[in-house]
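A quick write-up on the structure given underneath.
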Amino acid sequence: MPLLPPSVLGRPCVMQAVVLTRRIFAAWYVRSAADIIRERASLDVVKEMEKDAAWKPIDISAELKGVAGSDSHFGYRTISKVLPLAYSWTGDLKTAQQLVAAKAPVDRLPRAGTSVPVLALVDYISECTNGHPGLIHGGMTAIIAHSSMSLAAALNTPRSAGAVVSKSLNMDYRKPIRTGQFVKIFAWLYKCEQGQMTAAVHFYSPCGQMLVEAISDLEISKQN
């Protein structure tokens, strides 16, 4: 039996109180940055990339300087407080193509032209990103996807060429993403011609289930 009858729960003031209570609880439950970083370091996927010399650690803060609007990427300044752990695949192109194909067998994406480096991220989905309780807000998912593809483009573009600017973003939400968990993200370019690029990104759960895929058209904004 519910604590309050439906006739009471339906009142606007009561609904506002319920929403406020949920937000207060979410704010109280947010994990500390130190706790997130400690658990992330213990993940098998992180240990595997640490052991493989072809995965090169990336300083996201430095690399995002080549992306327009870098302060807003990954929601770092306002929401997450902890930037993702990032690596780039610096090995051969054939292995990069196999990596992407193995992790993301999506028929409508072109198979040729996979970029090296391929970007891999391990990100913690903060409790502060709730849309529906316990699930990440779709808009926050789009921010992470956009940030990941922009970063992949920046890694494949000389810094002197100019800033990476996004022109379009198409999202395909496959499965709900729960807050309070880690996700693994792959992002890469499959087209790059005269400053015009097309990037793809895929999100995976800790057990390897695809959660989200997205495609973005980007370009290089020439520096004056």
### Query
Are the side chain of Asn156 and the backbone of Ala153 linked by a donor-acceptor contact shorter than 3.5 Å?
no

#### Entry: Any donor-acceptor N/O pair, Ser216 side chain to Ser168 backbone, under 3.5 Å
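Indeed, once roles are kept as given, a pair shorter than 3.5 Å links the two residues.
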
### side chain to side chain contact (heavy atoms under 4.5 Å, CB included) between Leu155 and Ile58, worked out
CA-CA 10 Å; Leu155 290 173; Ile58 297 172; 3.5 Å; yes

Just verifying a value: how many Å separate [X] [atom1] and [Y] [atom2], rounded to the nearest 0.5 Å?
| X | Y | atom1 | atom2 | result |
| --- | --- | --- | --- | --- |
| Thr179 | Met140 | OG1 | CE | 12.0 Å |
| Asp123 | Leu83 | CG | CG | 8.5 Å |
| Lys56 | Ser88 | NZ | OG | 6.0 Å |
| Arg178 | Glu127 | CZ | CD | 13.5 Å |
| Cys128 | His137 | SG | NE2 | 14.0 Å |

Hey, does [Y] have a side-chain heavy atom less than 4.5 Å from the side chain of [X]?
| X | Y | result |
| --- | --- | --- |
| Ser147 | Ile143 | yes |
| Ile220 | Val165 | no |
| Lys184 | Leu43 | no |
| Ser150 | Leu218 | yes |
| Ile144 | Phe203 | yes |
| Ile177 | Thr141 | yes |
| Lys175 | Met210 | no |
| Val122 | Val183 | no |

### Task
With sequence neighbours excluded, tell me which residues meet salt bridge (charged side-chain N to carboxylate O under 4.0 Å, His left out) with Glu50.
none

So which atom in [X] and which in [Y] form the shortest heavy-atom distance, rounded to 0.1 Å?
| X | Y | answer |
| --- | --- | --- |
| Leu85 | Arg40 | N-NH1, 3.4 Å |
| Gly138 | Tyr173 | O-OH, 2.9 Å |
| Ser148 | Val201 | CB-CG2, 3.9 Å |
| Ser42 | Lys47 | O-CE, 3.4 Å |
| Arg31 | Asp35 | NE-OD2, 3.0 Å |
| Tyr124 | Gly180 | OH-CA, 3.2 Å |

### Task
Could you give me the CA-CA distance, side-chain angles and deciding distance for Thr198 and Ile215, then say whether side chain to side chain contact (heavy atoms under 4.5 Å, CB included) is met?
CA-CA 7 Å; Thr198 304; Ile215 300 172; 3.8 Å; yes

#### Entry: Salt bridge flag under 4.0 Å for residues Glu213 and Arg174
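So Glu213 pairs with Arg174 through a salt bridge.
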
### Query
Hey, quick one: are Phe182 and Val45 part of the same hydrophobic cluster, counting side-chain heavy atoms closer than 4.5 Å, chains of contacts allowed?
yes

### Task
Look at the side-chain heavy atoms of Ile, Leu, Val, Met, Phe, Trp and Tyr, link any pair under 4.5 Å apart, and say whether Ile185 and Met171 land in one connected group.
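Shared cluster, yes.
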
### CA sep, side-chain torsions, deciding dist, call: Trp89, Leu119, side chain to side chain contact (heavy atoms under 4.5 Å, CB included)
CA-CA 6 Å; Trp89 172 261; Leu119 174 68; over 6 Å; no

### Crowding at CG, Asp44 (>12 non-hydrogen neighbours, <6.0 Å)
no

### Message
Does Val212 form a side chain to side chain contact (heavy atoms under 4.5 Å, CB included) with His202? I'd like the steps, not just the answer.
### Response
CA-CA 6 Å; Val212 171; His202 293 100; over 6 Å; no

